[in-house]
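Per chain, numbering begins at 1; letters A, B, ... match sequence-line order.
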Amino acid sequence: MPELPEVEIICRGIAGHVVNQQIVKVVIRNNKLRWPIWTNLAKNLSQQTIKVINRRAKYILVTCTHGTLIIHLGMTGKLRVVASNTLATKHDHIDFLLSNGNVLRYTDPRRFGSIHWTTKMPREHKLLLHLGVEPLTIKFSGAYLFDRTREKNVNIKSLLMDQAIVVGIGNIYANEALFHAGIRPTRPAKTISLSEYTVLVKQVKFILKKAINKGGTTIKDFVNAEGKPGYFVQELMVYGRIGRFCYQCNTALQNIRLNQRSTVFCPVCQR
DNA sequence: ACGCTCTCCTGGCCGC
DNA sequence: TGCGGCCAGGAGAGCG
């Protein structure tokens with residue numbers, strides 16, 4: 001489940017292999033992603049050159065000569081660079097054949113991901129228009145969260161995962177950040193103080209940066225552009241540790257569902 | 001506007 | 001070995 005660190009790793013990983021390369025051909029084997037891929041995408045992209053790879057929220061932005069590809073990996077999406085003779089398997093839905101002989105390959109078993117094409121500024125695209133602040137920028141601060149939540153009854157974990165407030169945080173890092181901040185996931189957002197939000201923001205930034213440095217979190221199948229896993233899973237304090245004990249106080253971790261998402265916390269360390 | 005639930009999808013795992 | 005049921009969850013759609 002790629003969140004900000006995993007998407008960032010993918011972007012960095014593919015950039016060196018695809019930037020300044022011409023797209024020779026696009027092969028779409030299955031256009032049924034979350035939304036159908038634009039019918040003319042293959043024809044339109046052919047002969048364009050990839051200029052820049054960027055990330056906004058969990059979207060990968062591939063800026064080409066005459067527009068931008070907006071790629072979301074959903075739950076199980078992968079974007080890898082492979083040699084052109086690498087055989088496509090069942091869930092390899094799209095290949096971008098490049099002038100250097102490599103293939104930028106999109107793979108997605110569950111097909112929760114999406115690919116859009118825009119000729120406008122990507123930020124004006126409807127999927128990106130209402131996104132919140134980037135968590136690794138100065139705009140994401142304790143004061144920002146405090147100000148945005150004075151009327152919010154929603155629990156803090158759902159708020160952290162609300163992409164209209166702050167982007168890039170999914171279930172894994174929301175669980176982890178709340179543990180590190182000592183805040184219980186069920187707390188209504190409006191009951192959290194400015195000083196608590198300041199700690200939470202600091203922990204979110206710390207965890208996201210650390211996860212990027214470890215190459216992301218591989219729970220089941222995340223791999224980077226070269227097909228290698230990440231190692232942040234070894235740092236997880238609560239996510240995936242249902243039925244086990246808190247590393248800090250040895251209390252049994254509690255497992256609940258918030259907004260249909262598995263939520264794990266320490267009832268002693270998190271208040 | 002807000003907050004909740006439903007929905008899309010496949011692979012892996014469990015129990016029988 | 002097969003089959004049904006459940007779970008994983010990003011995020012838009014729809015509803016009260």
Side-chain angles (χ1 to χ4, degrees), chain A residues 1-10 29-37 55-61 70-79 88-94 106-116 118 122 125-135 145 147-178 185-192 204 208 211 216-223 229-230 233 236 238-243 255-265:
Chain A
M1 48 221 78
E3 302 179 29
L4 184 147
E6 291 74 36
V7 177
E8 182 67 28
I9 291 294
I10 299 267
R29 299 186 191 83
N30 186 347
N31 80 331
K32 295 184 186 65
L33 300 187
R34 180 163 191 196
W35 296 282
I37 298 173
R55 179 191 61 74
R56 169 71 172 117
K58 298 175 193 170
Y59 293 94
I60 298 164
L61 306 178
I70 301 173
I71 302 175
H72 197 292
L73 300 175
M75 278 292 299
T76 53
K78 297 181 189 66
L79 201 57
T89 56
K90 190 174 177 184
H91 302 296
D92 295 336
H93 304 315
I94 300 145
Y106 179 85
T107 307
D108 189 359
R110 272 187 199 149
R111 309 207 307 273
F112 275 17
S114 63
I115 297 186
H116 287 83
T118 182
H125 190 276
K126 65 171 183 175
L127 290 175
L128 278 66
L129 195 58
H130 302 291
L131 290 174
V133 299
E134 284 285 335
L145 279 188
D147 290 344
R148 292 291 300 266
T149 53
R150 290 312 81 203
E151 312 282 318
K152 292 267 190 198
N153 290 307
V154 71
N155 64 74
I156 181 59
K157 181 174 175 247
S158 297
L159 184 109
L160 271 186
M161 294 172 65
D162 183 347
Q163 305 297 300
I165 304 283
V166 55
V167 300
I169 303 171
N171 201 36
I172 296 174
Y173 297 109
N175 275 300
E176 292 300 306
L178 287 166
T186 49
R187 288 265 303 277
K190 68 179 181 186
T191 69
I192 292 172
V204 166
L208 293 179
T217 300
T218 298
I219 295 294
K220 202 164 68 65
D221 56 7
F222 168 73
V223 289
V233 68
L236 297 179
V238 289
Y239 182 87
R241 300 194 65 242
I242 294 170
N255 174 40
I256 59 172
R257 285 187 84 77
L258 276 183
N259 280 31
Q260 329 205 73
R261 296 291 176 265
S262 176
T263 303
V264 188
F265 66 95

Between H91(A) and dG11(B), is there a contact of a side-chain N or O with OP1 or OP2 at under 4.0 Å? yes
Of the candidates dG9(C), dG10(C), dG11(B), the side chain of K58(A) sits closest to dG10(C)
The criterion is ring-ring contact (aromatic ring centres under 6.0 Å, His included); which residues satisfy it with Y106(A), sequence neighbours excluded? none
Using a heavy-atom cut-off of 4.0 Å across all strands, would you classify R34(A) as base, sugar-phosphate, or nothing? base
What about R261(A): does its side chain form a donor-acceptor pair under 3.5 Å with the base of dG10(C)? yes
Nearest to the Y239(A) side chain among dG9(C), dT10(B), dC4(B), which nucleotide is it? dG9(C)
For G113(A), does its backbone N or O pair with a side-chain atom of D108(A) as donor and acceptor, under 3.5 Å? yes
Expressed in angstrom and rounded to an integer, what is the separation of I70(A) atom CD1 from dA11(C) atom C1'? 15 Å
Would a distance-only check, ignoring hydrogens and angles, find a side-chain to backbone donor-acceptor pair under 3.5 Å from R257(A) to T263(A)? no
For dC8(B), does OP1 or OP2 lie under 4.0 Å from any side-chain N or O of K32(A)? no
For K126(A), report the nucleic acid contact type (base, sugar-phosphate, nothing); a contact means any heavy atom under 4.0 Å. nothing
Is any side-chain nitrogen or oxygen of H72(A) closer than 4.0 Å to OP1 or OP2 of dA11(C)? yes
Whole Å only: how far is the CD atom of Q260(A) from the C1' atom of dG10(C)? 12 Å
Whether the side chain of N175(A) engages the backbone of V264(A) through a donor-acceptor N/O pair (distance < 3.5 Å, no angle test) should be reported. yes
Nearest-Å distance for atom pair CE/C1', residues M75(A) and dA11(C): 12 Å
Nucleotide dC2(B), atom P - distance to CZ of R150(A) in whole Å: 14 Å
N30(A) and R111(A), any side-chain heavy atoms less than 4.5 Å apart: yes
Return the value, rounded to whole Å, for the distance between atom CH2 of W35(A) and atom P of dT7(B). 17 Å
For F112(A) and dG9(C), do the ring centres fall under 5.5 Å apart while the planes stay under 30° apart? yes
For the side-chain contact (heavy atoms from CB on, under 4.5 Å) test, which of I169(A), N171(A), V238(A), L208(A) pairs with E176(A)? V238(A)
If you check the R111(A) side chain, which of dT10(B), dG10(C), dC4(B) turns out closest? dT10(B)
I10(A) side chain reached by P2(A) side chain, heavy atoms, under 4.5 Å: no
Heavy-atom contacts under 4.0 Å between residues 153-163 of chain A and DNA chain C, which residues? M161(A), Q163(A)
Quick check for you: among dA11(C), dC4(B), dG11(B), whose closest atom lies nearest to any side-chain atom of K90(A)? dG11(B)
As a test of reading the structure: which of dC4(B), dG3(B), dG10(C) is closest to the side chain of K152(A), going by heavy atoms? dG3(B)
Whether the side chain of R55(A) engages the backbone of A57(A) through a donor-acceptor N/O pair (distance < 3.5 Å, no angle test) should be reported. yes
Return the angle between end axes of the helix from dC2(B)-dG16(C) to dC16(B)-dG2(C), with five pairs used per end and rounding to 10°. 50°
Given atom CG of L33(A) and atom P of dT10(B), what is their separation to the nearest angstrom? 12 Å
With the side chain of N171(A) defined as its heavy atoms from C-beta on, choose the nearest nucleotide among dG11(B), dT7(B), dG10(C). dG10(C)
When you check the side-chain N and O atoms of N155(A) and T186(A), is any donor under 3.5 Å from an acceptor? no
I'd like to know if the side chain of R29(A) reaches the main chain of D92(A), judged simply by a donor and an acceptor atom lying under 3.5 Å from each other, with no hydrogens or angles considered. yes
